[in-house]
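One structure is given below, encoded as C-alpha coordinates.
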There are 2 protein chains.
Amino acid sequence: MSQESLHPQLSSIEIETELKKAGLRPTVQRCIISDYVLNHAEHPSVETIKTWVDKHYTGISLATVYNTVHALESAGLVHAIRFDHSDKVFYDTNTTLHHHFLDEKTGELIDIDPDKIEVNAKLPEGMSINEISVLIRGERA
Amino acid sequence: MSQESLHPQLSSIEIETELKKAGLRPTVQRCIISDYVLNHAEHPSVETIKTWVDKHYTGISLATVYNTVHALESAGLVHAIRFDHSDKVFYDTNTTLHHHFLDEKTGELIDIDPDKIEVNAKLPEGMSINEISVLIRGERA
DNA sequence: GCATTTTTTTAGAATCATTCTAAACTACCG
DNA sequence: CGGTAGTTTAGAATGATTCTAAAAAAATGC
Ligand SMILES: [Mn+2]
Ligand SMILES: [Mn+2]
Ligand SMILES: [Zn+2]
Ligand SMILES: [Zn+2]
(Lines give C-alpha, C1' and ligand atoms only; values in the text may rest on other atoms or scores of the structure.)
(Ligands and ions follow the chains in the order given, each with its own letter.)
Protein backbone atom coordinates (compact mmCIF):
# COMPACT_ATOMS: atom_id res chain seq x y z
CA MET A 1 0.00 0.00 0.00
CA SER A 2 1.44 3.32 -1.01
CA GLN A 3 1.81 6.31 1.21
CA GLU A 4 -0.69 8.23 -0.90
CA SER A 5 -3.47 5.86 -0.05
CA LEU A 6 -3.46 7.35 3.42
CA HIS A 7 -3.81 10.84 2.01
CA PRO A 8 -6.44 10.82 -0.68
CA GLN A 9 -5.63 14.00 -2.54
CA LEU A 10 -8.43 16.32 -3.44
CA SER A 11 -8.44 17.90 -6.86
CA SER A 12 -8.43 21.68 -7.07
CA ILE A 13 -12.14 21.56 -7.86
CA GLU A 14 -12.73 19.49 -4.75
CA ILE A 15 -10.90 22.08 -2.68
CA GLU A 16 -13.54 24.64 -3.64
CA THR A 17 -16.27 22.18 -2.79
CA GLU A 18 -14.72 21.35 0.57
CA LEU A 19 -14.33 25.00 1.45
CA LYS A 20 -17.92 25.73 0.53
CA LYS A 21 -19.13 22.68 2.41
CA ALA A 22 -17.34 24.07 5.46
CA GLY A 23 -19.08 27.41 5.05
CA LEU A 24 -15.93 29.12 3.81
CA ARG A 25 -15.84 31.21 0.68
CA PRO A 26 -13.37 29.78 -1.79
CA THR A 27 -11.36 32.96 -2.08
CA VAL A 28 -8.25 32.97 -4.18
CA GLN A 29 -6.01 33.04 -1.10
CA ARG A 30 -7.85 30.21 0.63
CA CYS A 31 -7.80 28.08 -2.49
CA ILE A 32 -4.07 28.52 -2.95
CA ILE A 33 -3.24 27.84 0.69
CA SER A 34 -5.72 24.99 1.03
CA ASP A 35 -4.58 23.35 -2.17
CA TYR A 36 -1.02 23.36 -0.90
CA VAL A 37 -1.92 22.20 2.60
CA LEU A 38 -4.48 19.57 1.61
CA ASN A 39 -2.99 18.29 -1.64
CA HIS A 40 0.72 18.88 -1.68
CA ALA A 41 2.23 19.28 1.76
CA GLU A 42 2.73 16.81 4.54
CA HIS A 43 2.57 18.05 8.10
CA PRO A 44 3.50 21.60 7.16
CA SER A 45 4.07 24.30 9.73
CA VAL A 46 2.76 27.78 9.12
CA GLU A 47 6.31 28.78 8.28
CA THR A 48 6.54 26.04 5.66
CA ILE A 49 3.24 27.10 4.18
CA LYS A 50 4.20 30.76 4.09
CA THR A 51 7.54 30.00 2.48
CA TRP A 52 5.88 27.92 -0.22
CA VAL A 53 3.17 30.49 -0.81
CA ASP A 54 5.72 33.30 -1.09
CA LYS A 55 7.72 31.33 -3.64
CA HIS A 56 4.72 30.71 -5.87
CA TYR A 57 2.48 33.74 -5.38
CA THR A 58 2.76 37.30 -4.26
CA GLY A 59 0.88 39.34 -1.71
CA ILE A 60 -0.60 36.64 0.50
CA SER A 61 -0.16 37.70 4.08
CA LEU A 62 1.01 35.68 7.02
CA ALA A 63 -2.24 36.58 8.79
CA THR A 64 -4.18 34.89 6.01
CA VAL A 65 -2.11 31.75 6.32
CA TYR A 66 -2.92 31.63 10.03
CA ASN A 67 -6.57 32.47 9.35
CA THR A 68 -6.80 29.74 6.74
CA VAL A 69 -5.22 26.94 8.75
CA HIS A 70 -7.49 27.89 11.64
CA ALA A 71 -10.48 27.82 9.35
CA LEU A 72 -9.45 24.44 7.97
CA GLU A 73 -8.97 23.20 11.50
CA SER A 74 -12.43 24.39 12.59
CA ALA A 75 -13.84 22.73 9.51
CA GLY A 76 -12.17 19.48 10.54
CA LEU A 77 -10.05 19.36 7.40
CA VAL A 78 -6.76 19.44 9.29
CA HIS A 79 -5.54 18.69 12.80
CA ALA A 80 -2.96 20.67 14.70
CA ILE A 81 -0.15 18.55 16.12
CA ARG A 82 2.97 19.24 18.16
CA PHE A 83 6.16 17.29 18.70
CA ASP A 84 9.01 17.36 21.19
CA HIS A 85 11.54 18.40 18.59
CA SER A 86 9.93 21.70 17.57
CA ASP A 87 8.07 24.60 19.10
CA LYS A 88 5.97 24.98 15.98
CA VAL A 89 2.51 23.67 15.29
CA PHE A 90 2.21 21.27 12.37
CA TYR A 91 -0.96 20.71 10.41
CA ASP A 92 -1.99 17.21 9.60
CA THR A 93 -4.13 16.60 6.55
CA ASN A 94 -4.85 13.14 7.72
CA THR A 95 -7.67 13.68 10.18
CA THR A 96 -8.33 10.03 10.78
CA LEU A 97 -6.54 8.33 13.63
CA HIS A 98 -3.04 7.36 12.66
CA HIS A 99 0.49 7.25 13.94
CA HIS A 100 3.76 8.93 13.05
CA PHE A 101 7.31 8.02 12.26
CA LEU A 102 9.91 10.73 12.81
CA ASP A 103 13.10 10.35 10.85
CA GLU A 104 15.61 11.69 13.33
CA LYS A 105 18.17 12.25 10.57
CA THR A 106 16.03 14.39 8.30
CA GLY A 107 13.27 15.58 10.61
CA GLU A 108 10.73 14.16 8.19
CA LEU A 109 7.44 13.11 9.66
CA ILE A 110 5.74 10.15 8.05
CA ASP A 111 2.24 8.82 8.58
CA ILE A 112 1.82 5.26 9.72
CA ASP A 113 -1.43 3.50 9.05
CA PRO A 114 -3.05 2.41 12.32
CA ASP A 115 -3.37 -1.18 11.21
CA LYS A 116 0.41 -1.34 10.93
CA ILE A 117 0.73 -0.77 14.66
CA GLU A 118 -0.90 -2.90 17.28
CA VAL A 119 -1.05 -1.44 20.78
CA ASN A 120 -1.99 -3.43 23.83
CA ALA A 121 -2.38 -1.38 26.99
CA LYS A 122 -3.05 -2.63 30.50
CA LEU A 123 -3.95 0.57 32.25
CA PRO A 124 -4.64 1.03 35.96
CA GLU A 125 -8.24 0.69 37.12
CA GLY A 126 -10.56 3.48 36.05
CA MET A 127 -8.63 4.79 33.10
CA SER A 128 -10.74 4.78 29.97
CA ILE A 129 -9.23 5.25 26.55
CA ASN A 130 -10.44 7.72 23.96
CA GLU A 131 -7.51 7.65 21.60
CA ILE A 132 -4.07 6.18 21.27
CA SER A 133 -1.30 7.76 19.26
CA VAL A 134 2.14 6.36 18.70
CA LEU A 135 5.28 8.21 17.72
CA ILE A 136 8.18 6.16 16.46
CA ARG A 137 11.56 7.81 16.23
CA GLY A 138 14.11 6.23 13.99
CA GLU A 139 15.84 6.46 10.66
CA ARG A 140 15.05 5.55 7.13
CA ALA A 141 17.58 3.76 4.99
CA MET B 1 2.55 -1.17 41.74
CA SER B 2 2.27 2.41 42.83
CA GLN B 3 2.87 5.44 40.71
CA GLU B 4 5.89 6.37 42.79
CA SER B 5 7.74 3.28 41.79
CA LEU B 6 8.20 4.79 38.36
CA HIS B 7 9.70 7.95 39.83
CA PRO B 8 12.26 7.00 42.39
CA GLN B 9 12.45 10.17 44.42
CA LEU B 10 15.82 11.51 45.35
CA SER B 11 16.25 12.80 48.86
CA SER B 12 17.23 16.41 49.34
CA ILE B 13 20.75 15.26 50.04
CA GLU B 14 20.81 13.32 46.81
CA ILE B 15 19.80 16.46 44.91
CA GLU B 16 23.07 18.09 45.91
CA THR B 17 24.94 14.96 44.92
CA GLU B 18 23.19 14.79 41.55
CA LEU B 19 23.89 18.44 40.83
CA LYS B 20 27.55 18.05 41.69
CA LYS B 21 27.79 14.86 39.65
CA ALA B 22 26.45 16.85 36.72
CA GLY B 23 29.09 19.51 37.23
CA LEU B 24 26.59 22.00 38.59
CA ARG B 25 27.14 23.89 41.81
CA PRO B 26 24.39 23.16 44.29
CA THR B 27 23.41 26.77 44.74
CA VAL B 28 20.43 27.55 46.90
CA GLN B 29 18.30 28.43 43.88
CA ARG B 30 19.23 25.29 42.00
CA CYS B 31 18.59 23.11 45.02
CA ILE B 32 15.14 24.60 45.57
CA ILE B 33 14.12 24.37 41.95
CA SER B 34 15.66 20.94 41.41
CA ASP B 35 14.13 19.53 44.56
CA TYR B 36 10.71 20.64 43.38
CA VAL B 37 11.20 19.44 39.82
CA LEU B 38 12.91 16.14 40.62
CA ASN B 39 11.17 15.17 43.84
CA HIS B 40 7.78 16.79 44.01
CA ALA B 41 6.43 17.80 40.61
CA GLU B 42 5.18 15.72 37.75
CA HIS B 43 5.68 17.02 34.24
CA PRO B 44 5.80 20.65 35.36
CA SER B 45 6.02 23.51 32.93
CA VAL B 46 8.28 26.45 33.67
CA GLU B 47 5.16 28.37 34.63
CA THR B 48 4.18 25.68 37.13
CA ILE B 49 7.67 25.69 38.60
CA LYS B 50 7.80 29.46 38.86
CA THR B 51 4.40 29.61 40.52
CA TRP B 52 5.41 27.00 43.08
CA VAL B 53 8.75 28.66 43.72
CA ASP B 54 7.12 32.07 44.19
CA LYS B 55 4.67 30.62 46.68
CA HIS B 56 7.37 29.05 48.83
CA TYR B 57 10.38 31.34 48.42
CA THR B 58 11.14 34.90 47.46
CA GLY B 59 13.51 36.41 44.98
CA ILE B 60 14.13 33.53 42.61
CA SER B 61 13.96 34.85 39.09
CA LEU B 62 12.23 33.39 36.07
CA ALA B 63 15.59 33.42 34.28
CA THR B 64 17.00 31.12 36.94
CA VAL B 65 14.11 28.72 36.53
CA TYR B 66 14.83 28.56 32.81
CA ASN B 67 18.57 28.28 33.44
CA THR B 68 18.03 25.47 35.90
CA VAL B 69 15.70 23.34 33.82
CA HIS B 70 18.10 23.73 30.92
CA ALA B 71 20.99 22.70 33.13
CA LEU B 72 19.02 19.69 34.39
CA GLU B 73 18.18 18.82 30.82
CA SER B 74 21.82 19.01 29.70
CA ALA B 75 22.73 16.86 32.66
CA GLY B 76 20.17 14.30 31.54
CA LEU B 77 18.15 14.62 34.73
CA VAL B 78 15.00 15.74 32.92
CA HIS B 79 13.58 15.51 29.41
CA ALA B 80 11.66 18.25 27.65
CA ILE B 81 8.36 17.10 26.21
CA ARG B 82 5.56 18.74 24.24
CA PHE B 83 1.96 17.81 23.67
CA ASP B 84 -0.76 18.82 21.24
CA HIS B 85 -2.90 20.38 23.93
CA SER B 86 -0.41 23.04 25.08
CA ASP B 87 2.18 25.36 23.65
CA LYS B 88 4.33 24.98 26.75
CA VAL B 89 7.28 22.71 27.31
CA PHE B 90 6.90 20.19 30.12
CA TYR B 91 9.80 18.67 31.98
CA ASP B 92 9.79 14.98 32.61
CA THR B 93 11.69 13.64 35.59
CA ASN B 94 11.36 10.17 34.29
CA THR B 95 14.19 9.98 31.79
CA THR B 96 13.79 6.32 31.07
CA LEU B 97 11.57 5.31 28.19
CA HIS B 98 7.92 5.37 29.19
CA HIS B 99 4.51 6.33 27.94
CA HIS B 100 1.87 8.86 28.93
CA PHE B 101 -1.80 8.98 29.71
CA LEU B 102 -3.49 12.36 29.32
CA ASP B 103 -6.68 12.83 31.29
CA GLU B 104 -8.66 14.96 28.90
CA LYS B 105 -10.95 16.12 31.69
CA THR B 106 -8.29 17.45 34.04
CA GLY B 107 -5.29 17.89 31.77
CA GLU B 108 -3.30 15.68 34.10
CA LEU B 109 -0.45 13.77 32.54
CA ILE B 110 0.33 10.37 34.01
CA ASP B 111 3.29 8.12 33.37
CA ILE B 112 2.66 4.65 32.10
CA ASP B 113 5.26 1.99 32.65
CA PRO B 114 6.49 0.60 29.32
CA ASP B 115 5.74 -2.97 30.29
CA LYS B 116 2.10 -2.01 30.61
CA ILE B 117 1.96 -1.21 26.91
CA GLU B 118 2.89 -3.62 24.19
CA VAL B 119 3.49 -2.11 20.76
CA ASN B 120 3.82 -4.17 17.62
CA ALA B 121 4.84 -2.19 14.55
CA LYS B 122 5.14 -3.43 10.98
CA LEU B 123 6.95 -0.55 9.36
CA PRO B 124 7.77 -0.17 5.68
CA GLU B 125 11.14 -1.50 4.48
CA GLY B 126 14.16 0.44 5.67
CA MET B 127 12.65 2.14 8.67
CA SER B 128 14.64 1.38 11.78
CA ILE B 129 13.31 2.13 15.23
CA ASN B 130 15.17 4.03 17.91
CA GLU B 131 12.33 4.72 20.28
CA ILE B 132 8.59 4.30 20.56
CA SER B 133 6.38 6.54 22.64
CA VAL B 134 2.69 6.17 23.17
CA LEU B 135 0.22 8.81 24.24
CA ILE B 136 -3.14 7.64 25.45
CA ARG B 137 -5.90 10.19 25.78
CA GLY B 138 -8.82 9.33 27.97
CA GLU B 139 -10.43 9.90 31.32
CA ARG B 140 -9.96 8.66 34.82
CA ALA B 141 -12.90 7.60 36.90
C1' DG C 1 41.42 36.65 55.19
C1' DC C 2 41.66 39.30 50.90
C1' DA C 3 42.21 39.93 45.92
C1' DT C 4 41.34 37.64 41.70
C1' DT C 5 38.79 34.76 38.66
C1' DT C 6 34.90 32.04 37.49
C1' DT C 7 30.20 30.90 37.92
C1' DT C 8 25.61 32.14 38.83
C1' DT C 9 21.76 35.08 39.20
C1' DT C 10 19.03 38.66 37.71
C1' DA C 11 16.10 42.33 35.35
C1' DG C 12 14.98 43.62 31.42
C1' DA C 13 15.45 43.57 26.39
C1' DA C 14 15.04 40.74 22.36
C1' DT C 15 13.15 37.08 19.67
C1' DC C 16 9.89 33.92 17.79
C1' DA C 17 5.46 31.90 17.14
C1' DT C 18 1.02 33.09 17.40
C1' DT C 19 -3.12 35.99 18.16
C1' DC C 20 -5.50 40.26 17.97
C1' DT C 21 -7.12 44.70 16.00
C1' DA C 22 -8.96 47.73 13.08
C1' DA C 23 -9.04 49.33 8.69
C1' DA C 24 -9.23 48.32 3.65
C1' DC C 25 -11.08 45.19 0.39
C1' DT C 26 -14.18 41.81 -1.84
C1' DA C 27 -18.12 39.10 -2.50
C1' DC C 28 -22.88 38.57 -2.27
C1' DC C 29 -27.69 40.35 -2.08
C1' DG C 30 -31.57 42.98 -2.65
C1' DC D 1 -25.75 50.13 -7.83
C1' DG D 2 -25.57 50.42 -2.38
C1' DG D 3 -25.57 47.94 1.75
C1' DT D 4 -23.97 44.25 4.43
C1' DA D 5 -21.34 40.54 5.77
C1' DG D 6 -17.18 38.06 5.09
C1' DT D 7 -12.13 38.36 4.11
C1' DT D 8 -7.56 40.09 3.91
C1' DT D 9 -4.05 42.76 5.61
C1' DA D 10 -0.26 45.32 8.20
C1' DG D 11 1.08 46.02 12.20
C1' DA D 12 0.41 45.89 17.21
C1' DA D 13 -0.03 42.84 21.11
C1' DT D 14 0.78 38.65 23.61
C1' DG D 15 3.03 34.72 25.62
C1' DA D 16 6.76 31.58 25.86
C1' DT D 17 11.40 31.46 25.63
C1' DT D 18 16.15 33.16 24.93
C1' DC D 19 19.61 36.60 25.25
C1' DT D 20 22.41 40.32 27.38
C1' DA D 21 25.06 42.60 30.36
C1' DA D 22 25.70 43.88 34.83
C1' DA D 23 25.50 42.62 39.85
C1' DA D 24 26.11 39.01 43.23
C1' DA D 25 28.03 34.88 44.93
C1' DA D 26 31.25 31.26 45.09
C1' DA D 27 35.67 29.29 44.40
C1' DT D 28 40.69 29.85 43.99
C1' DG D 29 45.23 31.40 45.14
C1' DC D 30 47.98 33.55 47.81
MN1 LIG E 1 7.54 22.50 8.51
MN1 LIG F 1 2.15 22.77 34.11
ZN1 LIG G 1 -0.02 12.58 10.10
ZN1 LIG H 1 6.57 11.13 31.98
Side-chain angles (χ1 to χ4, degrees), chain A residues 15-37 43-54 56-75 77-91 107, chain B residues 15-16 18-37 43-54 57-75 77-91 107:
Chain A
I15 287 288
E16 273 198 43
T17 311
E18 286 300 323
L19 290 175
K20 280 186 200 146
K21 240 199 294 184
L24 300 167
R25 288 189 192 160
T27 63
V28 51
Q29 293 94 333
R30 278 183 184 152
C31 287
I32 289 167
I33 295 166
S34 302
D35 180 52
Y36 173 65
V37 171
H43 309 110
S45 63
V46 164
E47 186 189 32
T48 303
I49 299 166
K50 184 58 161 56
T51 300
W52 183 90
V53 160
D54 284 348
H56 296 277
Y57 300 89
T58 36
I60 295 180
S61 74
L62 180 59
T64 296
V65 176
Y66 274 104
N67 288 342
T68 301
V69 293
H70 291 159
L72 294 176
E73 191 181 11
S74 296
L77 294 169
V78 299
H79 279 170
I81 53 182
R82 290 181 154 93
F83 296 92
D84 290 352
H85 72 284
S86 171
D87 61 342
K88 294 187 173 113
V89 173
F90 297 88
Y91 288 91
Chain B
I15 287 287
E16 273 199 44
E18 286 300 322
L19 291 175
K20 281 187 197 143
K21 239 199 295 183
L24 300 168
R25 289 186 192 161
T27 63
V28 51
Q29 293 93 334
R30 277 182 185 153
C31 287
I32 289 167
I33 294 166
S34 301
D35 179 52
Y36 173 65
V37 171
H43 309 111
S45 63
V46 164
E47 187 189 30
T48 302
I49 300 168
K50 184 58 162 55
T51 299
W52 182 90
V53 160
D54 284 347
Y57 300 89
T58 35
I60 295 180
S61 74
L62 180 60
T64 297
V65 176
Y66 275 104
N67 287 344
T68 301
V69 293
H70 290 159
L72 294 176
E73 191 180 11
S74 297
L77 293 169
V78 299
H79 279 171
I81 54 182
R82 290 182 157 93
F83 297 93
D84 289 352
H85 71 285
S86 171
D87 61 344
K88 295 188 172 115
V89 172
F90 297 89
Y91 288 92

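Just so it is clear: chains get the letters A, B, ... in the order the sequence lines come, proteins before strands, and each one is counted from 1. Excluded from the calculations below are hydrogen atoms, water molecules and symmetry mates; all remaining heavy atoms, backbone and side chain alike, are included.
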Where the side chain of [X] is concerned, which of [options] is the nearest nucleotide?
X      : options                  : answer
Q29(A) : dA17(C), dT9(D), dA27(D) : dT9(D)
K88(B) : dA16(D), dT7(C), dG6(D)  : dA16(D)
R30(A) : dA26(D), dT18(C), dT8(D) : dT8(D)
S61(A) : dT7(C), dA10(D), dT17(D) : dA10(D)

Given atom [atom1] of [X] and atom [atom2] of [N], what is their separation to the nearest angstrom?
X      : N       : atom1 : atom2 : value
E47(A) : dT15(C) : CD    : P     : 17 Å
F90(A) : dA17(C) : CZ    : P     : 11 Å
R82(A) : dC16(C) : CZ    : C1'   : 14 Å
L62(B) : dT9(C)  : CG    : P     : 14 Å
I32(B) : dT8(C)  : CD1   : P     : 16 Å
K20(B) : dT8(C)  : NZ    : C1'   : 17 Å
L24(A) : dA27(C) : CG    : C1'   : 14 Å
I49(B) : dA16(D) : CD1   : C1'   : 13 Å

Specify the residues of residues 63-72 of chain B, ordered by number, for which at least one heavy atom lies under 4.0 angstrom from an atom of DNA chain D. Y66(B), H70(B)
Where is the tightest heavy-atom contact between S34(B) and L19(B), given as atom of each residue plus distance? OG-CD2, 3.8 Å
Which atom of H43(A) lies closest to which atom of F90(A), heavy atoms considered: O-CD2, 3.1 Å
Can you work out whether I60(B) or R25(B) has the more 5'-proximal nearest nucleotide on DNA chain C? R25(B)
Would you call the rings of W52(A) and Y36(A) parallel, tilted or perpendicular, taking 30° and 60° as the class edges? parallel
Reference residue [X]; test side chain to side chain contact (heavy atoms under 4.5 Å, CB included); the match among [options]:
X      : options                : value
V46(A) : V89(A), L62(A), T51(A) : L62(A)
L24(B) : E18(B), R30(B), E16(B) : R30(B)
I60(B) : T68(B), I32(B), I49(B) : I32(B)

If we only count heavy atoms from C-beta on, is the V69(B) to E73(B) side-chain gap below 4.5 Å? no
N or O in side chain of T27(B) less than 4.0 angstrom from dA25(D) OP1/OP2: no
